[in-house]
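Here's the structure we're looking at; comments come further down.
Protein chains get the first letters and strands the later ones, always in sequence-line order, with residue 1 at the start of each.
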Amino acid sequence: MRVRFAPSPTGHLHIGGARTALFNWLLARRHGGTYILRIEDTDQERSRREYEVEILRSLRWMGLDWDEGPEVGGSSGPYRQMERLDHYGPYIERLLAEGKAYRCTCSAERVEEGRQQLVAQGLKPMYDRRCRDLALGPDCGEHVVRLRAPLEGTTDFSDHVRGLVQTANAELDDLVIRRSSGLPVYNFVVVIDDIEMGVSLVVRGEDHVNNTPKQVLIYQALGAPVPEFAHAPLILGPDGSRLSKRHGATSVRSYEEDGYLAEALVNYLCRLGWSHGDQEVFSLGELVQAFALSGITKAGGRWDVDKLRWLNQTWMKRVDPADLAERARPFFVAAGAPPEALDERLVPAVLTVRERAWTLVELAAAGRFYFLPDEALAWDEAAVAKHLVPAAVPLLEGLLGVLEGVSDWSVEALEEAVKAWVEAEGHKLGKIAQPVRVSLTGQATGPGLFEMLAAIGRPTALRRIAAGRDRARG
RNA sequence: GCUCCCAUCGUCUAGCGGUCCAGGACGUCGGCCUCUCACGCCGAAAACACGGGUUCGAUUCCCGUUGGGAGUACCA
């Protein structure tokens with residue numbers, strides 16, 4: 001099996017494209033096939049090399065590597081269409097020689113006029129085929145080359161998601177395969193590349209179903225075997241319309257920057273439009289084992305950030321804590337934590353806040369108090385007014401005494417010492433916990449008392465509780 | 001406009017003629033747990049778009065309506 005992902009470097013990697021890339025990759029890995037990455041950069045107006053770099057970066061971030069393509073090479077390269085331009089001409093000449101294509105000198109304006117007339121008659125806009133039987137030669141002046149499409153019959157293809165898709169040939173235009181500039185056109189180029197690269201299965205978005213019969217016609221004209229197809233439904237915005245910027249972030253990069261884990265995005269992307277029984281959480285490895293075209297849904301799916309957020313938290317709780325801490329590090333810095341403060345306390349600190357956050361941004365916001373300079377803490381005035389009151393002074397004072405006597409600064413030892421004191425003094429843990437929490441964090445909500453004390457470290461804990469006691473005096 | 005595709009809880013989905021007064025998940029609501037918040041656990045509300053057929057029997061098959069999506073370029 002040879003599959004490919006063929007993005008245009010005209011922007012960031014879109015989540016729709018990312019899912020297509022994922023589906024192809026999963027299939028290749030599952031069946032021991034080859035995953036090819038091809039850059040479709042023939043749109044000279046919009047293609048930019050920096051976008052290509054960006055797309056490769058996002059693919060790698062998701063954990064999708066490729067067997068053939070830019071930066072890794074392969075036996076059927078080159079893998080950028082602009083570097084393959086000399087491959088296309090001979091096929092066009094052949095079709096011309098065999099009478100399966102013809103030169104057309106009609107101006108774009110005239111063709112457009114004809115289309116408008118047809119639309120006015122309630123018909124499908126098409127070229128009127130004026131040049132089809134003129135047998136124009138190479139010296140006919142400025143011209144395009146069109147495919148001589150059959151006028152009758154149907155062109156069918158079998159789709160792994162949709163079943164048999166039939167199109168009446170009367171619906172198919174004599175499409176341009178070479179522009180007047182000499183550059184071949186997308187629908188033609190894809191077919192040639194897929195033939196030359198030996199692509200056996202084409203998995204792409206539903207927006208290409210209407211292109212498929214046109215491409216099948218080209219395969220047939222060339223006498224090449226037609227690959228298998230699978231068209232996945234599109235990703236829609238929450239309102240059911242085509243996903244666009246106005247719905248929020250649409251690039252893989254922006255989700256990375258917003259603090260989503262690659263594991264969660266991959267998991268969500270795959271489950272949107274595909275299912276495997278009742279299972280919701282999948283690692284990339286599990287997906288390789290479970291993924292199959294037969295599980296792909298036909299209807300388009302709406303993008304649901306809430307579910308993505310849930311999966312992201314799920315994955316923050318699943319990945320290795322040390323790994324999570326490293327991935328969270330830049331987010332802590334962005335949240336104001338001095339880089340040098342992110343010491344060995346980072347892992348335990350992250351462990352205390354990961355179930356209280358849904359993204360790495362929120363994780364850092366929830367845990368930055370551990371590392372911020374005391375004077376930079378964000379104080380919730382209502383919490384201060386409620387908990388750092390004179391009545392709390394003796395409690396904080398007493399607790400300070402207990403903590404000063406604790407040498408083994410572990411969750412267990414701290415809990416044991418504090419609970420013993422609470423019991424002996426007849427206090428209630430609930431009475432002491434909030435003043436301490438506000439002293440340490442500035443906020444009324446946060447991690448559990450003992451895990452927080454342990455993670456913040458002895459010096460900071462004692463210093464902030466003392467400061468809290470002073471503040472409570474009024 | 002025309003062509004193609006699609007249609008189960010608010011959302012993602014299971015269901016491939018009777019096992020469905022429709023299952024799971026997110027979200028929502030309630031409860032439990034509890035030093036706060038959160039996590040976790042328990043529970044609740046919530047759907048087969050509509051109309052015709054086919055069949056002993058339709059969520060499941062066929063047709064139509066409605067709704068949504070895609071395409072309709074010398075863009076990809």
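- When the nucleotides B:C35, B:C74, B:G71 are ranked by their closest atom to the side chain of A:Leu449, B:C35 comes out on top.
- For the pair A:Arg4 and A:Trp66, the NZ or CZ position fails the cation-pi test of under 6.0 Å to the six-membered ring centre and within 45 degrees of the ring normal.
- A salt bridge links A:Glu93 to A:Arg178: one of the charged nitrogens lies within less than 4.0 Å of a carboxylate oxygen.
- Rounded to whole Å, the C1' atom of B:C50 lies 15 Å from the corresponding atom of B:U8.
- Taking atom C1' in both B:A49 and B:G68, the straight-line distance is 11 Å, to the nearest Å.
- Within 4.0 Å (heavy atoms only), A:Arg354 reaches no atom of the nucleic acid at all.
- For the P atoms, the distance linking B:C12 with B:G69 amounts to 14 Å, nearest Å.
- Atom C1' of B:C61 sits at a distance of 16 Å from the matching atom of B:C56, rounded to the whole Å.
- Residue A:Lys317 is in sugar-phosphate contact alone, with no base atom involved, counting any heavy-atom pair closer than 4.0 Å across all strands shown.
- Both distances falling under 3.5 Å, in either a Watson-Crick or a G-U wobble arrangement, place B:C2 opposite B:G71.
- The residue A:Arg271 sits close to a base: some heavy atom pair falls under 4.0 Å.
- Nucleotides B:A58 and B:C62 place their P atoms 16 Å apart, quoted to the nearest Å.
- The side chain of A:Thr42 contributes an N or O atom lying less than 4.0 Å from OP1 or OP2 of B:A76.
- Counting any heavy atom pair closer than 4.0 Å across all strands shown, A:Leu429 reaches a base atom.
- Distance, A:Gln313 CD to B:C37 P: 16 Å, rounded to whole Å.
- Of all nucleotides present, only B:U28 satisfies the Watson-Crick or G-U wobble test against B:A44, with each distance under 3.5 Å.
- Residues passing the side chain to side chain contact (heavy atoms under 4.5 Å, CB included) test with A:Asp278: none are found, sequence neighbours excluded.
- The distance between atom NZ of A:Lys419 and atom C1' of B:C35, rounded to the nearest whole Å, is 9 Å.
- Looking at heavy-atom distances under 4.0 Å, A:Asn211 makes contact with a base.
- Put simply, CD on A:Glu362 is 18 Å from P on B:C37, counting in whole angstrom units.
- Donor-acceptor pairing under 3.5 Å, judged by distance alone, is present between the side chain of A:Ser180 and the base of B:C74.
- Among the nucleotides B:C2, B:C37, B:U72, the one closest to any side-chain atom of A:Glu171 is B:C2.
- Using P as the reference atom, B:C6 and B:C63 are 11 Å apart when rounded to the nearest Å.
- A salt bridge (charged side-chain N to carboxylate O under 4.0 Å, His left out) with A:Asp174 holds for exactly one of A:Arg132, A:Arg146, A:Lys100; it is A:Arg132.
- Between A:Arg162 and B:C6 there is no side-chain polar atom (N or O) within less than 4.0 angstrom of OP1 or OP2.
- No hydrogens or angles were tested; on distance alone, a donor-acceptor pair under 3.5 Å links the side chain of A:Glu280 to the base of B:G24.
- Contact between the side-chain N/O atoms of A:Thr167 and the OP1/OP2 oxygens of B:C4 is not found at any separation under 4.0 Å.
- Within the 4.0 angstrom heavy-atom criterion, no nucleotide atom of any strand lies near A:Gly205.
- If you check every strand for non-hydrogen atoms under 4.0 Å, A:Val144 touches a base.
- The phosphate of B:C39 has neither OP1 nor OP2 within less than 4.0 Å of any side-chain N or O from A:Arg318.
- For the pair A:Asp156 CG and B:C5 P, the interatomic distance rounds to 11 Å; values are reported in whole Å.
- Residue A:Pro233 is classed as having no contact, given no heavy-atom separation below 4.0 Å to the nucleic acid.
- A gap of 37 Å separates the P atoms of B:A22 and B:C4, to the nearest Å.
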Please step through ring pair (Phe, Tyr, Trp, His ring centres under 6.0 Å) for the pair A:Trp358 and A:Tyr260, ending with a clear verdict.
CA-CA 8 Å; A:Trp358 288 264; A:Tyr260 289 88; over 10 Å; no

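- Using a 4.0 Å heavy-atom cutoff across all strands shown, A:Cys270 reaches no nucleic acid atom at all.
- At a threshold of 4.0 angstrom between heavy atoms, the contacts of A:Leu123 include nucleobase atoms, whether or not backbone atoms are also involved.
- Considering A:Arg48, A:His12, A:Arg49 in turn, A:His12 is the only one that fulfils the side-chain hydrogen bond (donor to acceptor under 3.5 Å, both in side chains) rule with A:Glu54.
- As the counterpart of B:C20, no nucleotide is assigned, since no Watson-Crick or G-U wobble pattern has both distances under 3.5 Å.
- Between the base of B:C35 and the side chain of A:Arg437 there is a donor-acceptor pair shorter than 3.5 Å.
- Nucleic acid contact for A:Gly446: base, since at least one base atom lies under 4.0 Å from a heavy atom of the residue.
- Base pairing of B:A14 is not made with any nucleotide, judged by Watson-Crick or G-U wobble geometry with both donor-acceptor distances under 3.5 Å.
- Distances shorter than 4.0 Å separate some side-chain N or O of A:Arg115 from OP1 or OP2 on B:C74.
- Using the six-membered ring where Trp is involved, A:Tyr186 and A:His208 have ring planes that are tilted, between 30° and 60° apart.
- Residue-level contact check: A:Thr297 touches the backbone only, with heavy atoms under 4.0 Å from sugar-phosphate atoms and none from bases.
- No donor-acceptor pair closer than 3.5 Å links the side chain of A:Asp41 to the backbone N or O of A:Pro9.
- A:Glu45 comes within 4.0 angstrom of nothing in the nucleic acid, heavy atoms only.
- In this entry B:U34 has no Watson-Crick or G-U wobble partner, no candidate having both defining distances under 3.5 Å.
- With a 6.0 Å radius and a threshold of 12 heavy atoms from other residues, nucleotides or ligands, A:Glu423 has its CD atom at or below the threshold.
- If you check B:C6, B:G69, B:U72 against the side chain of A:Lys214, the one that comes closest is B:U72.
- Nearest heavy atom pair, residue A:Cys140 against residue A:Thr105, reads O-CG2, 3.6 Å.
- Phosphate proximity of B:C6 to A:Lys298: present, with a side-chain N or O under 4.0 Å from OP1 or OP2.
- Listed nucleotides: B:A14, B:G1, B:A7. Nearest to the side chain of A:Ser275: B:A14.
- Contacts of A:His231 with the nucleic acid, taken as non-hydrogen atoms under 4.0 Å apart, are absent.
- Comparing the C1' positions of B:A47 and B:G40 gives an interatomic distance of 28 Å, to the nearest angstrom.
- Taking atom CG of residue A:Asp174 and atom P of nucleotide B:C74, one finds them 12 Å apart after rounding to whole Å.
- Counting to the nearest Å, the P atom of B:A76 and the CD atom of A:Gln215 are 12 Å from each other.
- A straight line from CD of A:Glu112 to P of B:U72 spans 13 Å, rounded to a whole angstrom.
- Applying the Watson-Crick and G-U wobble criteria (two distances, each under 3.5 Å), B:C50 pairs with B:G64.
- Rounded to whole angstrom, the span from the OH atom of A:Tyr186 across to the C1' atom of B:C74 amounts to 16 Å.
- The base-pairing partner of B:U59, taking Watson-Crick or G-U wobble contacts with both distances under 3.5 Å, does not exist among the strands shown.
- Nearest nucleotide to the side chain of A:Thr445, out of B:U36, B:C35, B:C26: B:U36.
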